[in-house]
Every structure is written in C-alpha cells, then in structure tokens.
Number of protein chains: 2
Amino acid sequence: MARKATTFDLFSAIAEPRRRELIEKLIGKELFVNQLVALLGWKQPTVSKHLKVLKEVGVVSERKEGRMRVYKVNAPSLKPVQEWVNQFENYWEYNLDNLEVYLEDIQTKKEE
Amino acid sequence: MARKATTFDLFSAIAEPRRRELIEKLIGKELFVNQLVALLGWKQPTVSKHLKVLKEVGVVSERKEGRMRVYKVNAPSLKPVQEWVNQFENYWEYNLDNLEVYLEDIQTKKEE
DNA sequence: TTGACATATTCCAACATCGGAATACGTTAG
DNA sequence: CTAACGTATTCCGATGTTGGAATATGTCAA
C-alpha cells in the first residue's frame with residue numbers, strides 16, 4: 001500500500017498551482033466556466049476538472065444559470081488552512097535558536 | 001507530459017497530512033529524529049524522508065549535534081501560505097450571493 | 001580501530017495525479 | 001424537434017508520490 005487519494009483533501013486541493021490560480025480568478029466575483037476558460041487560457045475540460053476538485057472540498061460552489069454554470073469561491077472553506085498556519089505565527093518574529101529547548105532536549109536524551 | 005514534481009513546492013509539502021502532523025510536533029521546540037520517531041510512531045526512514053522534503057522547501061531546518069540531528073520549524077517559511085489565504089479573509093464574513101457581481105457577469109456575457 | 005548507534009539514502013511496488021482527446025449530457029434557440 | 005452551445009465525464013498515457021525493506025553513511029564509545 002502506498003498512497004491515499006489526496007484530491008479530496010482541502011490542503012491538497014489548494015496545493016495544485018493551477019488550482020490556486022483558478023481560485024484567485026474567482027476572488028470577489030462569480031464567473032461562468034467559459035469566462036474562466038478565457039481568463040486562464042486553459043482547455044475547457046481542464047478547467048472543469050479542476051473546478052470539480054475544488055467543489056468537492058468546498059472551496060468553490062456552483063449554481064446553474066441556464067446552460068451555464070456560475071462558480072464562486074466559498075471563502076470560509078479556507079479557514080482551516082489559515083488556522084493551521086496561524087499556529088506558527090508566534091514564532092515568526094525571532095528565528096531564535098532557542099537554546100533552552102535545545103538544552104532540554106539534550107538533557108532528555110541523556111536520561112533515556 | 002502529465003505532471004511536474006510537487007515535492008519541492010511549499011504548498012505541496014504541507015499538503016501531505018503526515019508532514020503536517022510532523023511539523024506540529026516541532027512547534028515551539030527542537031527535536032531529534034529519534035524523538036520524532038517515538039512521538040509519531042512511524043518508521044525512522046519514513047520520518048527522515050518527510051523531513052528531507054520539508055527541509056528542501058525550507059519549512060524545517062536542521063543542525064548536527066554529534067551523531068544526532070536536531071530539527072526545528074522555520075516558521076517564516078510558512079508566510080506565503082498565510083498571505084495566500086489572507087486574500088480571502090475579506091470574504092469570510094458574509095457568504096452573500098453577491099447579486100451585483102452576478103448580474104454584471106450576465107451583462108458581460110450578453111455583450112460578447 | 002571497531003562495533004554500536006543515529007540518521008539518510010536507494011530501490012521497489014502500488015497507486016494517485018495530471019493533461020489531452022474524445023465524447024456524453026443537459027439546455028436553449030430556432 | 002433538432003442543432004448548437006456550454007459544461008462535465010471518461011479513457012488514457014506519462015509520470016509523480018508514498019511506504020517498506022534493505023542498505024549506506026557518519027559519528028561516538030570502548
């Protein structure tokens with residue numbers, strides 16, 4: 001056994017550079033698929049497939065409008081990503097070597 | 001042609017669930033590989049391989065300490081992720097249907 | 001120096017992913 | 001109803017990714 005599907009995971013969905021590019025086009029507006037195709041310059045099936053992945057993880061949502069479909073970003077779906085990254089915010093300022101923790105680790109090691 | 005390597009991309013590096021788990025163990029402290037192995041319960045080569053990926057994208061850094069190696073998170077390396085996600089922060093509050101933009105799109109379409 | 005230890009690397013099999021091409025599906029226009 | 005349109009889906013080949021096992025590398029201890 002080697003791998004699990006990652007496409008249905010939020011972090012993996014936005015890991016794809018082209019999917020991030022697509023998402024950015026949808027910031028603050030709603031677009032039809034053919035508009036996205038024009039903006040991005042990709043093949044239509046490529047756009048649709050990436051939209052499908054993003055829809056499955058909830059990053060975009062879709063609405064039918066006649067024979068067209070309108071896509072938009074579901075911004076709150078990205079909160080888990082921000083929350084995860086924010087865990088590290090406290091450590092952004094100083095990239096200190098943190099001697100204390102280091103020494104503590106050494107000590108822990110010695111005691112084993 | 002089908003794919004580009006993703007392992008050397010920051011977003012892909014943290015897309016791996018196990019790598020996120022590993023990174024979390026290093027929040028606020030430095031750990032030896034064998035400590036990570038113990039904490040995570042994975043095989044040692046598995047831990048080393050994930051550390052390698054994370055090191056390549058700069059998420060962790062490493063220091064030799066005798067025959068051991070000390071790893072720590074390089075928190076600022078995660079800034080691009082936070083910045084990317086923050087683009088959407090303005091749209092977190094209201095998940096409004098944004099009728100205006102929608103109608104504008106319709107109009108744009110008609111004009112084509 | 002030599003063996004034990006800590007960690008890294010290589011090789012491999014299973015499987016996931018991506019883009020392209022072709023095609024299917026649903027809806028509207030005429 | 002039928003053709004055109006907009007979008008989604010399927011199939012495929014090339015290639016990336018992962019964990020496991022085995023092994024290599026480097027360093028300390030005796």
Side-chain angles (χ1 to χ4, degrees), chain A residues 1-22 26 30-57 60-72 105-106 108-110 112, chain B residues 1-22 26 30-57 60-72 105-106 108-110 112:
Chain A
M1 62 243 66
R3 311 188 57 205
K4 301 172 205 155
T6 61
T7 307
F8 305 111
D9 168 70
L10 171 62
F11 284 81
S12 296
I14 66 165
E16 243 291 319
R18 306 185 80 172
R19 280 198 287 267
R20 286 202 302 282
E21 193 179 347
L22 193 164
L26 291 172
E30 302 186 333
L31 292 174
F32 298 115
V33 175
N34 59 13
Q35 291 179 309
L36 283 167
V37 169
L39 285 170
L40 294 164
W42 307 344
K43 306 277 186 183
Q44 175 267 311
T46 301
V47 173
S48 284
K49 280 185 277 191
H50 282 305
L51 283 170
K52 183 180 184 178
V53 172
L54 292 172
K55 187 169 61 173
E56 276 165 344
V57 299
V60 304
S61 60
E62 162 235 18
R63 185 179 72 244
K64 284 185 187 173
E65 192 59 40
R67 57 183 162 185
M68 314 207 241
R69 303 213 186 172
V70 190
Y71 281 88
K72 66 176 177 180
D105 283 340
I106 293 288
T108 303
K109 185 57 192 170
K110 293 264 191 259
E112 283 173 11
Chain B
M1 61 242 64
R3 312 188 58 205
K4 300 172 206 156
T6 61
T7 308
F8 305 110
D9 170 70
L10 171 63
F11 283 81
S12 296
I14 67 165
E16 243 291 320
R18 307 185 80 174
R19 279 198 287 267
R20 286 202 302 283
E21 193 179 347
L22 192 163
L26 291 172
E30 301 186 333
L31 293 175
F32 298 116
V33 175
N34 60 12
Q35 291 179 308
L36 283 166
V37 169
L39 284 170
L40 294 163
W42 307 344
K43 305 279 185 182
Q44 174 266 312
T46 301
V47 173
S48 284
K49 279 185 277 192
H50 282 304
L51 283 170
K52 183 180 184 178
V53 173
L54 292 172
K55 187 169 61 174
E56 276 164 343
V57 299
V60 304
S61 60
E62 162 234 18
R63 187 179 71 242
K64 284 186 186 172
E65 192 59 39
R67 56 184 162 185
M68 313 206 241
R69 303 212 185 172
V70 190
Y71 280 88
K72 65 176 177 181
D105 282 341
I106 293 288
T108 303
K109 184 58 192 168
K110 292 263 193 261
E112 283 172 10

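The sequence lines fix the lettering, A, B, ..., with proteins before strands; numbering per chain opens at 1.
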Below the 4.0 Å mark, does dC18(C) have OP1 or OP2 next to a side-chain nitrogen or oxygen of Thr46(A)?
no
Side chain of Gln44(B), base of dA6(C): donor and acceptor closer than 3.5 Å?
no
Tell me whether the side-chain N/O atoms of Ser48(B) come closer than 4.0 Å to OP1 or OP2 in dT9(C).
no
Would you say His50(A) places a side-chain N or O within less than 4.0 Å of OP1 or OP2 belonging to dG19(C)?
yes
Are Leu26(B) and Lys72(B) close enough, and set up right, to give a side chain to side chain contact (heavy atoms under 4.5 Å, CB included), and what steps lead you there?
CA-CA 6 Å; Leu26(B) 291 172; Lys72(B) 65 176 177 181; 5.7 Å; no
Any donor-acceptor pair under 3.5 Å linking the side chain of Arg19(A) with the backbone of Ile14(A)?
no
In this structure, how many angstroms lie between the P atom of dC5(C) and the CD atom of Gln35(B), rounded?
18 Å
Between P on dC18(C) and CG on Leu22(A), what's the gap in Å once rounded to a whole number?
13 Å
Under 4.0 Å between a side-chain N/O of Arg67(B) and OP1 or OP2 of dT25(D), yes or no?
no
Nucleotide dC5(C), atom C1' - distance to CD of Glu65(B) in whole Å:
16 Å
Euclidean distance, atom CG of residue Leu36(A) to atom C1' of dT7(D) [Å, nearest integer]:
12 Å
Rounded off to whole Å, could you give me the CZ-to-P distance for the Arg63(A) and dT7(D) pair?
13 Å
Compare side-chain N and O positions of Arg69(A) against OP1 and OP2 of dG6(D) and report whether any pair is under 4.0 Å apart.
no
Using a cut-off of less than 4.0 Å, is there contact between a side-chain N or O of Arg18(B) and OP1 or OP2 of dG19(D)?
yes
For the pair made of NZ in Lys64(A) and C1' in dC5(D), what is the distance, rounded to whole Å?
16 Å
CG of Leu51(A) versus C1' of dC18(C): gap in Å, rounded?
15 Å
Value rounded to 0.5 Å, distance of CD in Gln44(B) from NZ in Lys49(B)
9.5 Å
Between Arg63(B) and Tyr71(B), is there a donor-acceptor pair closer than 3.5 Å when you use the side chain of the first and the backbone of the second?
no
Show your reasoning for whether side chain to side chain contact (heavy atoms under 4.5 Å, CB included) applies to Leu40(B) and Thr46(B).
CA-CA 10 Å; Leu40(B) 294 163; Thr46(B) 301; over 6 Å; no
Between Gly66(A) and Lys43(A), just flag the one whose closest nucleotide in DNA chain C comes earlier from the 5' side.
Lys43(A)
Are any of Asn34(A)'s side-chain N or O atoms less than 4.0 Å away from OP1 or OP2 of dT7(D)?
yes
Check whether any side-chain nitrogen or oxygen of Tyr71(B) sits under 4.0 Å from OP1 or OP2 of dA6(C), and answer yes or no.
no
Integer-rounded Å distance: dG16(D) P and Asp9(B) CG:
15 Å
Base, sugar-phosphate or nothing for Lys52(A)? Non-hydrogen atoms, less than 4.0 Å.
sugar-phosphate
